[in-house]
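These notes are about the structure you will find just below.
On a predicted model such as this, the values are computed, not experimentally measured, just so you know. Numbering of residues begins at 1 and proceeds along the displayed sequence.
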Amino acid sequence: MSPPPTSFRSLYASSSTHTPISPPIRIIPLLNSLNRFYGLSFSTSSFLPSNLVFSTRKQSLCIKVQALAAETEQPKWWEKKAGPNMIDITSTEQFLNALKDAGDRLVIVDFYGTWCGSCRAMFPKLCKTAEEHPEILFLKVNFDENKSLCKSLNVKVLPYFQLYRGSDGQVDSFSCSLAKFKKLREAIERHNVGIRSDNHSSSVSEQIDDSSSSL
């Protein structure tokens with residue numbers, strides 16, 4: 001004979017006398033521990049609510065976008081300037097006018113390429129030199145953006161420097177790297193003395209015109 005049915009009330013009463021169930025185990029830390037100690041491989045994201053996973057990914061993407069934006073806002077290395085005595089040249093006309101307006105000042109022309117590793121390595125020292133010599137005018141010429149000008153001035157290697165001074169016109173020219181930066185300093189000591197009269201733009205202009213007519 002089967003025993004009489006047990007009522008729900010009696011079941012509830014009997015369960016209340018049992019030991020309370022222990023708190024639930026936190027599954028994510030446990031899974032991470034298994035990953036670390038037993039070399040198991042699984043994604044804990046599958047145990048997270050979909051809206052929480054999406055929110056985490058969205059936050060991570062926002063951080064990456066902000067970091068990229070901050071990086072793009074920073075000026076490129078060749079866009080930095082040491083001061084008002086360092087000018088970017090964008091055309092032959094601007095170059096000639098800069099030489100004309102320089103008067104008696106020593107002018108140092110830096111021919112560089114944005115892709116040139118030696119140009120980039122040397123640039124901080126060039127900026128420091130410009131800060132140390134506010135009386136000297138530094139002209140920066142981007143080779144790729146001024147190819148016709150560079151060709152007319154016979155610039156074939158980078159980095160390359162040309163020095164101009166008063167009526168003497170071009171007084172020096174040479175290739176220089178970071179390891180040989182002393183060469184530029186010595187040229188400054190040699191040519192940044194005395195006073196020259198007149199300006200040298202006409203001779204440089206003739207040089208450029210002659211080169212252009214031969215193309």
4.5 Å side-chain heavy-atom contact, Leu178 and Ser118: no
Would you check if Cys176 and Met122 make a side-chain contact, meaning some heavy-atom pair closer than 4.5 Å? yes
Please determine whether a side-chain nitrogen of the Lys or Arg among Arg190 and Asp172 lies less than 4.0 Å from a carboxylate oxygen of the Asp or Glu. yes
Are Tyr160 and Trp78 linked, directly or through other ILVMFWY residues, by side chains that come within less than 4.5 angstrom of each other? no
Let me see the working for Phe111 and Asn142 under side chain to side chain contact (heavy atoms under 4.5 Å, CB included), right down to the final yes or no. CA-CA 6 Å; Phe111 298 91; Asn142 187 326; over 6 Å; no
Using side-chain heavy atoms (C-beta onward) and a distance below 4.5 Å, is Thr92 in contact with Asn146? no
Looking at Arg120 and Trp115, would you say the former's side chain and the latter's main chain have a donor-acceptor pair under 3.5 Å? no
Would you call the rings of Trp77 and Phe123 parallel, tilted or perpendicular, where under 30° means parallel and over 60° means perpendicular? perpendicular
If you draw a 6.0 Å radius around CD in Glu131, do more than 12 non-hydrogen atoms from other residues or ligands fall strictly inside? yes
Evaluate the side-chain proximity of Leu184 to Leu126: yes if any heavy-atom separation is below 4.5 Å, no if none is. yes
Determine yes or no for a side-chain-to-main-chain donor-acceptor pair under 3.5 angstrom, with Glu186 supplying the side chain and Lys183 the backbone. no
His133 and Ile188: side chain to side chain contact (heavy atoms under 4.5 Å, CB included), yes or no, with the steps? CA-CA 9 Å; His133 295 277; Ile188 290 175; 4.0 Å; yes
Counting only N and O atoms by type, is there a donor-acceptor contact under 3.5 Å from the side chain of Asn85 to the main-chain atoms of Ile136? yes
Ignoring hydrogens and geometry, is there a side-chain-to-backbone donor-acceptor pair from Arg105 to Glu135 under 3.5 Å? yes
Using 4.0 Å as the upper bound for N to carboxylate O, is an ion pair formed by Lys140 and Asp110? no
What is the minimum heavy-atom distance between Ala130 and Met86, and which atoms define it? CB-CE, 3.9 Å
OG of Ser91 to CD of Glu145: how many Å apart, nearest 0.5 Å? 11.5 Å
Compare all side-chain heavy atoms of Leu163 with those of Val109 and state whether any distance is below 4.5 angstrom. no
Main-chain N/O of Asp88 paired to Gln94 side chain as donor or acceptor, under 3.5 Å: yes
Derivation of the side chain to side chain contact (heavy atoms under 4.5 Å, CB included) call for Thr129 and Phe138: CA-CA 10 Å; Thr129 302; Phe138 290 79; 4.2 Å; yes
Would a 4.5 Å heavy-atom cut-off, applied to side chains only, mark Val107 and Leu99 as touching? yes
Taking 4.0 angstrom as the limit, do Arg185 and Glu132 come out as a salt bridge? yes
Heavy-atom side-chain proximity of Tyr112 to Phe143 below 4.5 angstrom: no
